[in-house]
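Below is one structure, written out as C-alpha cells, with a few remarks after it.
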Amino acid sequence: LLDGEDGVARELLKRADVFVIPNANPDGGVRGHLRTNAAGANLNREWAEPALDRSPEVFLMRQAMETLGSLDIMMDIHQDEEKPYTF
C-alpha cells in the first residue's frame, strides 16, 4: 500500500479508507507480555465487552471503529512467537 508505483495499491486506496494500528499492545509488549496488557487483560478476549479501565486498547479501538459507521473488513494479524519471521 505504500508503493505509489503499485497499480493494485493505488486502486485500492482510491476505493477504500485504510486504517492501520501497528501495535495494539505496546505497554504489554514492553513488559514481555504476548497477549496481555499491563492490566493483565488478554486483549484477544476483550472484544465482546471491553472496559476502559481493564482493556483501554480494545475499548478505544472499538470506539473509533464505531464512529466510522459501516466497516467492511477488519484484520487482526498476529505473529507467532514460536515461529521466526512470521511477518
Side-chain angles (χ1 to χ4, degrees):
L1 293 177
L2 299 177
D3 182 357
E5 300 299 314
D6 185 319
V8 173
R10 281 195 320 269
E11 191 61 30
L12 175 63
L13 293 172
K14 280 185 203 173
R15 297 172 182 241
D17 294 318
V18 177
F19 300 90
V20 177
I21 301 170
N23 185 347
N25 189 21
D27 62 339
V30 165
R31 291 171 172 81
H33 305 304
L34 300 174
R35 294 185 181 266
T36 59
N37 65 5
N42 181 336
L43 299 181
N44 294 327
R45 306 292 178 251
E46 291 291 310
W47 283 91
E49 294 182 36
L52 192 54
D53 62 335
R54 180 170 164 75
S55 53
E57 305 88 346
V58 176
F59 183 90
L60 294 169
M61 280 189 283
R62 274 195 54 173
Q63 187 177 59
M65 291 164 61
E66 289 167 0
T67 65
L68 296 172
S70 175
L71 181 67
D72 294 320
I73 187 170
M74 177 203 167
M75 296 173 64
D76 185 2
I77 302 172
H78 297 258
Q79 76 176 37
D80 184 329
E81 61 275 3
E82 299 295 321
K83 297 177 183 173
Y85 316 113
T86 55
F87 286 114

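This structure is a prediction, so every number in the text was calculated from the model and none was measured. Any value given below was found using the heavy atoms of this structure, including those in side chains, with hydrogens, waters and symmetry copies removed.
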Please name the pair of heavy atoms, one in [X] and one in [Y], separated by the smallest distance, quoted to 0.1 Å.
{"X": "G4", "Y": "R10", "value": "O-NH1, 3.0 Å"}
{"X": "L43", "Y": "A24", "value": "CD1-O, 3.8 Å"}
{"X": "M65", "Y": "L71", "value": "CE-CD2, 3.3 Å"}
{"X": "P50", "Y": "R62", "value": "CD-NH1, 3.7 Å"}
{"X": "A38", "Y": "D27", "value": "CB-OD2, 3.1 Å"}

Measure from the side-chain N and O atoms of D6 to the backbone N and O of L1, and report whether any donor-acceptor pair falls under 3.5 Å.
->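 Not at all, since once roles are kept as given, no pair shorter than 3.5 Å links the two residues.
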Please say whether more than 12 non-hydrogen atoms of neighbouring residues, nucleotides or ligands are located less than 6.0 Å from CD1 in I21.
-> no
Is there a side-chain contact between F59 and R54, using heavy atoms and a 4.5 Å cut-off?
-> no
Results of salt bridge (charged side-chain N to carboxylate O under 4.0 Å, His left out) for E57 - residues two or more places apart only | none
For residues 12-20, which side-chain donor-acceptor pairs fall under 3.5 Å, sequence neighbours excluded?
residue, atom, partner, partner atom, Å
R15, NE, E11, OE2, 2.7
R15, NH2, E11, OE2, 3.1

Could you give the distance from [atom1] ([X]) to [atom2] ([Y]), rounded to the nearest 0.5 Å?
{"X": "N44", "Y": "S55", "atom1": "CG", "atom2": "OG", "value": "11.5 Å"}
{"X": "L52", "Y": "L60", "atom1": "CG", "atom2": "CG", "value": "6.0 Å"}
{"X": "E46", "Y": "T36", "atom1": "CD", "atom2": "OG1", "value": "10.5 Å"}

